[in-house]
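Just so you know, ligand 1 is whichever comes first in the structure, and atom 1 is the first atom listed for that ligand.
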Amino acid sequence: MRLDVVTIFPDYLTPLDLSLIGKAREDGLLDVRIHDLRDFTHDRHRTVDDTPYGGGAGMVMKPQPWAEALDHVLALDNPSGAKPRLLVPGPGGRPFTQALARELALEPWLAFACGRYEGIDERVYDHAREDLGLEVSVVSLGDYVLNGGEVAVLAMVEAIGRLIPGVIGNAESLVEESHEDGLLEYPIYTKPSSWNGRDVPSVLLSGNHGAIAQWRHEQRLARTAARRPDLLHASHAGGADGGDLEI
Ligand SMILES: COC(=O)COc1cccc(COC(=O)c2cn[nH]c2)c1
């Protein structure tokens, strides 16, 4: 997968050089390119923002630098003229969920536009959709406001990147994660079996894999009911093997 990020704070994205995402880049599984929006300005101050028409507080990101930055992204190493899916992290966008991460992990090319200030001139979205033929999605990490899209891009790239085959060494660990099948994860334990007067649940030491699977499923249901009842659907009522289980 190719990932392009346009931002006025390229250094914010240096964590993408680290850890699993960094290794995936070295292994050629991810091709990440960071672009400084100010490189597409032409004034001495490299201006990317201006006051909002209609008045109001704050500043708005100017359309011209964005249009030139997007043109640059589309032209760079792209002889086939392929089109990326453009994602704009923003409050009030489509909720970013594990399901959306899975959907995006199937895309060959994603481009992220990091907004700042009060946001990006609306004509940039129109230009991207109508003139550049891009699919544009505003995507929200949650119902809160950040100072810019960079932090959201770090989170989204990690959530998406780890789903790409080969990025996580043990694909097994992707299966029973929170939200992967709509339930939260079960409690986990490691050695020692007794610590600080607290013991690991005996079923986990029993070697009875059926009982362990059932216990874990029950724990996932209970934890989801307690913390995220909104995620709990009747379809989860069955036991680990799909049998009947009262919840
Ligand atoms: C509609 O798109 C935009 O406004 C893009 O421009 C901006 C402006 C300010 C801040 C942000 C960062 O995104 C969030 O705050 C955000 C993302 N997820 N949850 C909160 C983006």
Side-chain angles (χ1 to χ4, degrees), residues 3-16 21 32-41 45-74 83-105 107 109-163 178-179 227-228 230-231:
L3 292 164
D4 287 82
V5 185
V6 181
T7 169
I8 60 171
F9 292 119
D11 290 349
Y12 233 112
L13 283 302
T14 52
L16 295 181
I21 299 299
V32 179
R33 299 142 186 261
I34 311 297
H35 311 274
D36 185 341
L37 183 67
R38 292 191 193 278
D39 290 346
F40 303 95
T41 61
H45 299 294
R46 292 162 55 91
T47 308
V48 294
D49 63 313
D50 206 331
T51 53
Y53 278 117
M59 302 292 273
V60 177
M61 300 190 95
K62 294 163 61 68
Q64 188 55 41
W66 277 108
E68 294 189 25
L70 291 175
D71 283 344
H72 174 76
V73 167
L74 292 179
K83 306 274 188 189
R85 186 163 171 179
L86 181 60
L87 303 172
V88 185
R94 175 181 174 184
F96 184 71
T97 61
Q98 190 67 13
L100 181 52
R102 277 199 299 273
E103 175 189 321
L104 294 172
E107 293 284 348
W109 186 6
L110 299 176
F112 290 90
C114 296
R116 281 269 157 179
Y117 311 106
E118 299 308 308
I120 304 170
D121 187 298
E122 191 64 23
R123 291 167 293 182
V124 174
Y125 299 88
D126 302 333
H127 170 66
R129 290 188 179 104
E130 296 162 19
D131 305 334
L132 302 181
L134 302 183
E135 180 182 352
V136 184
S137 307
V138 178
V139 181
S140 169
L141 279 193
D143 294 336
Y144 44 79
V145 181
L146 301 167
N147 290 328
E150 289 80 7
V151 165
V153 168
L154 289 175
M156 292 179 189
V157 168
E158 181 156 318
I160 295 163
R162 65 195 300 276
L163 297 177
S178 281
H179 303 292
R227 296 182 188 174
R228 290 294 305 274
D230 59 297
L231 295 179

Please lay out, stage by stage, how Y117 and I8 fare under the test side chain to side chain contact (heavy atoms under 4.5 Å, CB included). CA-CA 11 Å; Y117 311 106; I8 60 171; 3.7 Å; yes
Answer whether the closest heavy-atom distance between the side chains of I34 and Y12 falls below 4.5 Å. no
Under 4.0 Å from a heavy atom of [X]: which atoms of ligand 1 are those, numbered in the order shown and with their elements?
{"X": "V145", "result": "15 (O)"}
{"X": "S140", "result": "18 (N), 19 (N)"}
{"X": "Y144", "result": "19 (N), 20 (C)"}
{"X": "Y117", "result": "8 (C), 9 (C)"}

State which residue, out of D126, V60, D50, fulfils the side-chain contact (heavy atoms from CB on, under 4.5 Å) condition with D121. V60
Taking Y125 as the fixed residue, which of R123, E122, H127 is the one that meets the side-chain contact (heavy atoms from CB on, under 4.5 Å) rule? E122
Donor-acceptor contact below 3.5 Å, side chain [X] vs main chain [Y]:
{"X": "S140", "Y": "G142", "result": "yes"}
{"X": "R85", "Y": "L104", "result": "no"}
{"X": "K83", "Y": "L132", "result": "yes"}

Using heavy atoms and a threshold below 4.0 Å, how should the contact between V138 and ligand 1 be classified: side chain, backbone, both, or neither? side chain
What protein heavy atom is closest to [atom], reported as residue, atom name and distance in Å?
{"atom": "atom 18 (N) of ligand 1", "answer": "L141 N, 2.8 Å"}
{"atom": "atom 3 (C) of ligand 1", "answer": "Y125 OH, 3.8 Å"}
{"atom": "atom 4 (O) of ligand 1", "answer": "G119 CA, 4.0 Å"}
{"atom": "atom 21 (C) of ligand 1", "answer": "P89 O, 3.4 Å"}
{"atom": "atom 19 (N) of ligand 1", "answer": "G142 O, 3.1 Å"}

Looking only at distances, can you tell me whether any N or O atom of V139, backbone or side chain, sits closer than 3.5 Å to an N or O atom of ligand 1? no
Examine L146 against ligand 1 and note whether any of their N/O atoms are separated by less than 3.5 Å. yes
Apply side chain to side chain contact (heavy atoms under 4.5 Å, CB included) to residues L37 and R116 and explain how you reach the verdict. CA-CA 11 Å; L37 183 67; R116 281 269 157 179; over 6 Å; no
Is there a heavy atom in P91 that sits closer than 4.0 Å to ligand 1? yes
Check the pair R46, D36 against side chain to side chain contact (heavy atoms under 4.5 Å, CB included), reporting the backbone distance first and the verdict last. CA-CA 11 Å; R46 292 162 55 91; D36 185 341; 3.7 Å; yes
